Structure formats: C-alpha cells, structure tokens
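As a basis for the values below, the full set of heavy atoms in this structure was taken, side chains included, without hydrogen atoms, waters or symmetry mates. Bear in mind the structure is a predicted one, so any value in this text is a computation, not a measurement.
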Amino acid sequence: VAHALATHFADARERTVVVDGGADDVIGSALTALRKLGAEIEPSAPDPAHALLELLEENALWLWLDDVARIDDALRSLLALAQRFASRARVVCVCREDPRDASLAPHTVVVGPMPPADLRALLDEVEPGLSDAEAAGIVAHAKGSPWRLRQLSMGGAVDEQGPEKSLLMLAPIAMG
C-alpha cells in the first residue's frame, strides 16, 4: 500500500497523516494527531466525524488509518461523509482482511502478496550482501509479505500478527 501511494500519489505523501486504525476511538485519535500538527478544529461541527472531514478537506489532507480492526459507527459515518463530500481529502483504511462491510466493497483495493522479484529488491536494499541461496530462502519463507521478509532478514522469528507499526517504518525503499 505504501508503495502504491508513493508511486501513484507521491504528492500526497507529505500531506498524509497516519493514525492507528486499531485504536478504540479512531476519529478521536485522528483529531488528536491533527491538533498536534497545529490544526485548529472548529467547535461548530455537528460531530467528531464532520469536524475531522472538514479539517481534512480544508487542508487537502489524506488520512491513513493503518491496521483497521473494525468499522464502528463513527468510522462508518466518516467514510460515508468522505465518499459523499470529499473532493480534496482522502480517507484510506488499511486492513489485513477483506472488509466485512458490504458498502465498502466498491471502494476496496485488494493488495495481494508482493511478487518474489519485488521482495528480492527490498531484501537487497535492507540486507545487502546475502548470498543468492540465503536471499532465495528468505524470499521463499516470506510468502509475499514484506513484514515477514524484514523479520527473517533480521534473523527473527516470524510474527504472524503483523507489524506493530506502519510498513512505512520498514526501510527507505518502502517509502518509494
């Protein structure tokens, strides 16, 4: 996902706010993140989802909700508002499963496993100097996952739960 954004929407990267989508209050977390960046939130907005979308739209910001665990009513409201009214802002939800909300199906992009050649390029960037046999073994065991690849290249055990941080933290190549 980070690669797709960097490749196709490079100009948006500097205007993207990344928030933990697994937080209990995703909307509140996003508003807090924007306040820390100096954004002023208008108290006249009817609810937090409206306030958040207004702020994103006014500043042409992208909101990246990483590792969304569930879509509660507040997030569903934000997504509905974004689908209907956002012209400059974007809300991107990243999850490791297909969304169970049928209304999101037309707005879902499935990102499958990375091809072995791309994994090898990433591995060469983060762990140069491996023999071809070592690199081939790591790529095969990564099974298309850049997170598993990074864990394996560092000699660690593979954590099946996935990253605790965004894939943007993997390596400079992951940022495009």
Enquirer: Rounded to the nearest 0.5 Å, what separation is found between the CZ atom of F85 and the NE2 atom of H50?
Expert: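 Rounded to the nearest 0.5 Å, the CZ-NE2 separation comes to 6.5 Å.
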
Enquirer: Looking at D72 and R76, does any basic side-chain N land under 4.0 Å from a carboxylate oxygen?
Expert: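 Salt bridge absent between D72 and R76.
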
Enquirer: What's the spacing between L63 CG and R15 CZ if we round to 0.5 Å?
Expert: 13.0 Å

Enquirer: Search all heavy atoms of V91 against all heavy atoms of A82 and return the closest pair with its distance.
Expert: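 Closest pair (atom of V91, atom of A82, distance): CG2-CB, 3.9 Å.
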
Enquirer: Can you name the nearest heavy-atom pair linking A49 to S77, along with the distance?
Expert: CB-OG, 3.8 Å

Enquirer: Set out, in order, the CA-CA distance, both residues' side-chain angles and the distance that settles side chain to side chain contact (heavy atoms under 4.5 Å, CB included) for K143 and R148, then state yes or no.
Expert: CA-CA 8 Å; K143 299 178 185 172; R148 286 188 189 111; 4.2 Å; yes

Enquirer: If I compare all heavy atoms of V68 with all of C93, which pair ends up nearest, and what's the gap?
Expert: CG2-CB, 3.8 Å

Enquirer: If you round to the nearest 0.5 Å, how far is CG of L61 from CZ of R90?
Expert: 12.0 Å

Enquirer: Under 4.5 Å between any side-chain heavy atoms of L75 and L65, yes or no?
Expert: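 They are in contact (side-chain heavy atoms under 4.5 Å apart), so the answer is yes.
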
Enquirer: Got V94 and D67 here, is their nearest side-chain heavy-atom distance under 4.5 Å?
Expert: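 No; the side chains remain at least 4.5 Å from each other.
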
Enquirer: Okay, side chain of E54, backbone of A51: is any donor-acceptor separation there less than 3.5 Å?
Expert: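 No.
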
Enquirer: If I take atom CG from residue D118 and atom CG from residue L123, how far apart are they, to the nearest 0.5 angstrom?
Expert: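 Here the rounded value is 12.5 Å.
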
Enquirer: What I'd like to find out is whether the side chain of E57 reaches to under 4.5 Å of the side chain of S87, using heavy atoms alone.
Expert: yes

Enquirer: R150 and V126: which non-hydrogen atoms are nearest, and at how many Å?
Expert: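 Scanning both residues, the minimum pair turns out to be NH1-CB, 3.7 Å.
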
Enquirer: Tell me, do I27 and L78 make a side-chain contact under 4.5 Å, heavy atoms counted?
Expert: yes

Enquirer: Within a 6.0 Å radius of atom CG on D11, are there more than 12 heavy atoms belonging to other residues, nucleotides or ligands?
Expert: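 It does: D11 CG has more than 12 such atoms within range.
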
Enquirer: So which atom in A86 and which in L53 form the shortest heavy-atom distance, rounded to 0.1 Å?
Expert: CB-CD1, 4.2 Å

Enquirer: Do H141 and I138 make a side-chain contact, defined as non-hydrogen atoms from C-beta onward lying under 4.5 Å apart?
Expert: no

Enquirer: Between CG of L56 and CG of L34, what distance do you get to the nearest 0.5 Å?
Expert: 6.0 Å

Enquirer: Decide side chain to side chain contact (heavy atoms under 4.5 Å, CB included) for L37 and V17; before the verdict, give the C-alpha distance in whole Å, the side-chain angles of both, and the deciding distance to 0.1 Å.
Expert: CA-CA 9 Å; L37 294 174; V17 178; 3.9 Å; yes

Enquirer: Among D25, V26, L31, which residue satisfies the side chain to side chain contact (heavy atoms under 4.5 Å, CB included) criterion with P48?
Expert: L31

Enquirer: What's the shortest heavy-atom distance between V19 and A30, and which atoms?
Expert: CG2-CA, 3.8 Å

Enquirer: Using the side chain to side chain contact (heavy atoms under 4.5 Å, CB included) definition, which of the options L130, L149, D132 pairs with R120?
Expert: D132

